[in-house]
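I'd like to ask you about the structure that follows.
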Amino acid sequence: MSEFQFKVVQRGSVAHIDLSRPDEGNALTRAMMFQLAKVLRACGEDSSTNLVVIEGSGPFFCKGRDGKGESRAGMTPYEIRVQMMGAVLDVYKAIADVPVPVIAKVHADAVGFGSAMAVACDITLAASDVKFSFPEIEHDIPPTMAMCAALGKIPAKALSYLIYSAEAVDAQEAKQLGIASKVFAQNSFQSDADAFIDKLSSKPKLVLETIKKY
């Protein structure tokens, strides 16, 4: 099977990574997560890139993990850790490894891994109508990897409630909790988010890198 290709567009000094699966709610398989981490690192290594933006289209920013066709049958605990859990953790690490800011441009709902990926980014821009949720407990799954991405971003007591309740929070509450950085009106989200991105990307790369490293 050929490797999944994310749509990457360079606009000036900004690398835009499109999750590229609108018909599937931009849900990602574990193989796609490994590929996303690879793309993130490649963007970060490009000397012409001042910012990296993760975005998508369709009814979801990211609906979470696409587990169709996955099986742990016959896998050792180590293989499960590397192949199953490792894919998710590699995305979080890649976001941290990119030397310039990584921005999540959340135009629609973010669920599970989608919420965790958004909160893992350095800046999360959200449209006013979107909701964030961690529904894993509803499927009898402990979302420890999502919690790993959120620790230090969301207060521990609030994170515990979000995880145990599986409740979705709107954009304004997400901002208060530290999931989102800035909320823009839904009807002007694209233009407002792009204006912020353009302004930030015009700053000297060394300044952007120094702030992230600090």
Side-chain angles (χ1 to χ4, degrees), residues 4-22 26 28 32-62 90-110 113-130 132 149-150 152-154 171-172 174-214:
F4 179 78
Q5 296 296 317
F6 291 93
K7 182 181 178 182
V8 182
V9 177
Q10 187 81 22
R11 300 191 185 106
S13 60
V14 183
H16 293 260
I17 303 173
D18 191 318
L19 297 177
S20 305
R21 302 190 81 208
N26 293 312
L28 303 180
M32 291 172 187
M33 291 177 189
F34 279 124
Q35 177 63 7
L36 176 59
K38 181 178 177 181
V39 171
L40 280 162
R41 292 190 174 98
C43 290
E45 291 170 359
D46 188 334
S47 61
S48 68
T49 297
N50 284 13
L51 290 180
V52 178
V53 176
I54 300 175
E55 59 192 351
S57 60
F60 289 90
F61 165 70
C62 177
D90 199 30
V91 172
Y92 304 155
K93 188 174 187 305
I95 290 170
D97 287 345
V98 174
V100 295
V102 179
I103 297 176
K105 188 177 174 186
V106 185
H107 74 289
D109 290 357
F113 170 75
S115 283
M117 177 169 59
V119 78
C121 288
D122 302 296
I123 297 172
T124 303
L125 307 178
S128 57
D129 288 356
V130 309
F132 296 83
K153 305 284 185 73
I154 303 174
Q172 289 297 341
K175 181 183 175 184
Q176 294 170 358
L177 292 173
I179 299 172
S181 309
K182 178 69 176 180
V183 177
F184 294 116
Q186 190 79 32
N187 60 4
S188 61
F189 173 71
Q190 295 295 342
S191 59
D192 289 342
D194 287 344
F196 172 83
I197 290 166
D198 290 344
K199 181 178 180 180
L200 185 59
S201 67
S202 70
K203 305 304 179 187
K205 183 170 184 174
L206 180 61
V207 171
L208 298 173
E209 289 180 332
T210 301
I211 293 170
K212 177 154 182 177
K213 185 179 294 184
Y214 184 81

Q.
What verdict does the side-chain contact (heavy atoms from CB on, under 4.5 Å) test give for L19 and C62, after you've listed the backbone C-alpha separation in whole Å, the side-chain angles of each residue and the deciding distance to 0.1 Å?
A. CA-CA 8 Å; L19 297 177; C62 177; 4.0 Å; yes
Q. Any side-chain heavy atom of F189 within less than 4.5 Å of one from L125?
A.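 Counting from C-beta outward, F189 and L125 do come under 4.5 Å.
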Q) Nearest heavy-atom pair of S115 and A110: which atoms, and what distance? A)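 That closest heavy-atom pairing would be OG-O, 2.7 Å.
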Q.
To the closest 0.5 Å, what do you measure between CZ (F4) and CE (M33)?
A.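 Answer for the CZ-CE pair, F4 versus M33, is 12.0 Å.
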Q: Please name the pair of heavy atoms, one in A116 and one in A149, separated by the smallest distance, quoted to 0.1 Å.
A: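 Heavy-atom minimum between the residues: O-CB, 3.7 Å.
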Q: Find the distance between CG (L40) and NZ (K93) and round it off to the nearest 0.5 Å.
A: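 Output value for this atom pair is 12.0 Å.
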Q: Tell me yes or no: between the side chains of T49 and Q10, is some donor less than 3.5 Å from an acceptor?
A: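 A donor-acceptor contact under 3.5 Å links the two side chains.
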Q) How far does OG of S191 sit from CZ of F184, to the nearest 0.5 angstrom? A)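 It is 9.0 Å, given to the nearest 0.5 Å.
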**Q.** Whether S181 side chain and T124 backbone form a donor-acceptor pair below 3.5 Å
**A.**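 Answer holds: yes.
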Q) After noting the C-alpha distance and the side-chain angles of V100 and L51, does the key distance pass the side-chain contact (heavy atoms from CB on, under 4.5 Å) rule? A) CA-CA 6 Å; V100 295; L51 290 180; 5.5 Å; no
(Q) For a quick test of reading the model, state the closest non-hydrogen atom pair linking A127 to A171 and the distance between them. (A)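 In terms of heavy atoms, the two residues are closest at O-CB, 3.4 Å.
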Q) Any donor and acceptor pair, going by atom type alone, linking the side chain of K205 with main-chain N or O of S13 inside 3.5 Å? A)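 Checked: no pair found.
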(Q) According to salt bridge (charged side-chain N to carboxylate O under 4.0 Å, His left out), who are the partners of D194, at least two apart in sequence or on a separate chain? (A)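 Result, salt bridge (charged side-chain N to carboxylate O under 4.0 Å, His left out) vs D194: K105.
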Q) Do other residues, nucleotides or ligands put more than 12 heavy atoms under 6.0 Å from K212 NZ? A)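 Counting neighbours around NZ of K212, more than 12 heavy atoms of other residues, nucleotides or ligands fall under 6.0 Å, so yes.
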Q. Could you go step by step and tell me if E55 and H16 meet the side-chain hydrogen bond (donor to acceptor under 3.5 Å, both in side chains) rule?
A. CA-CA 7 Å; E55 59 192 351; H16 293 260; 3.0 Å; yes
(Q) As a quick check of understanding, evaluate side-chain contact (heavy atoms from CB on, under 4.5 Å) for V52 and I17, giving each step before the final call. (A) CA-CA 7 Å; V52 178; I17 303 173; 3.7 Å; yes
Q: Anything under 30° is parallel, anything over 60° is perpendicular, the rest tilted; go ahead and classify F61 against H107.
A: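 Judged by the thresholds at 30° and 60°, the geometry between F61 and H107 is perpendicular.
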Q. Are any of the side-chain heavy atoms of K182 and F196 separated by less than 4.5 Å?
A.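 K182 does not reach F196 side chain to side chain.
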Q: Start with the C-alpha gap between M117 and I95, add the side-chain angles, then the distance that decides, and say whether side-chain contact (heavy atoms from CB on, under 4.5 Å) holds.
A: CA-CA 9 Å; M117 177 169 59; I95 290 170; 4.2 Å; yes
Q: Mark yes or no for whether Q186, through its side chain, and D129, through its backbone, hold a donor-acceptor pair below 3.5 Å.
A: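 Yes.
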Q: Mark yes or no for whether S201, through its side chain, and K199, through its backbone, hold a donor-acceptor pair below 3.5 Å.
A: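 Not at all, since once roles are kept as given, no pair shorter than 3.5 Å links the two residues.
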Q. Looking at OH of Y92 and SG of C121, how far apart are the two atoms once the value is rounded to the nearest 0.5 Å?
A.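 If I round to the nearest 0.5 Å, the distance is 10.5 Å.
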Q. Distance-only, no hydrogens or angles: does the D122 side chain make a donor-acceptor pair with backbone N or O of V102 under 3.5 Å?
A.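 The answer is yes, because a donor-acceptor pair under 3.5 Å joins these two groups.
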(Q) Give me the atom names and distance for the closest heavy-atom approach of A150 to V119. (A)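 Heavy atoms of A150 and V119 come nearest at CA-CG1, 4.0 Å.
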Q) Going from CG on D97 to CD on E45, what distance comes out if it is rounded to the nearest 0.5 angstrom? A)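 D97 atom CG to E45 atom CD measures 9.5 Å (nearest 0.5 Å).
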Q) Ignoring hydrogens and geometry, is there a side-chain-to-backbone donor-acceptor pair from N26 to S57 under 3.5 Å? A)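 Yes, because the side chain of N26 sits within donor-acceptor range (under 3.5 Å) of the backbone of S57.
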Q.
Quick one, K7 and V9 - any side-chain contact, counting heavy atoms below 4.5 Å?
A.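 SC-SC contact between K7 and V9 confirmed.
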Q | Separation between CG of L36 and CZ of F34, rounded to the nearest 0.5 Å | A |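 Going from CG on L36 over to CZ on F34, the span is 11.5 Å.
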(Q) Show the nearest heavy-atom pair for residues V8 and C43, with the distance to one decimal. (A)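 In terms of heavy atoms, the two residues are closest at CG1-SG, 4.1 Å.
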Q. Got F60 and V130 here, is their nearest side-chain heavy-atom distance under 4.5 Å?
A.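 Not touching, per the 4.5 Å side-chain cut-off.
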**Q.** Heavy-atom closest pair, residues I103 and L200
**A.**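 Answer, listing the atom of I103 first, then L200: CD1-CD2, 4.3 Å.
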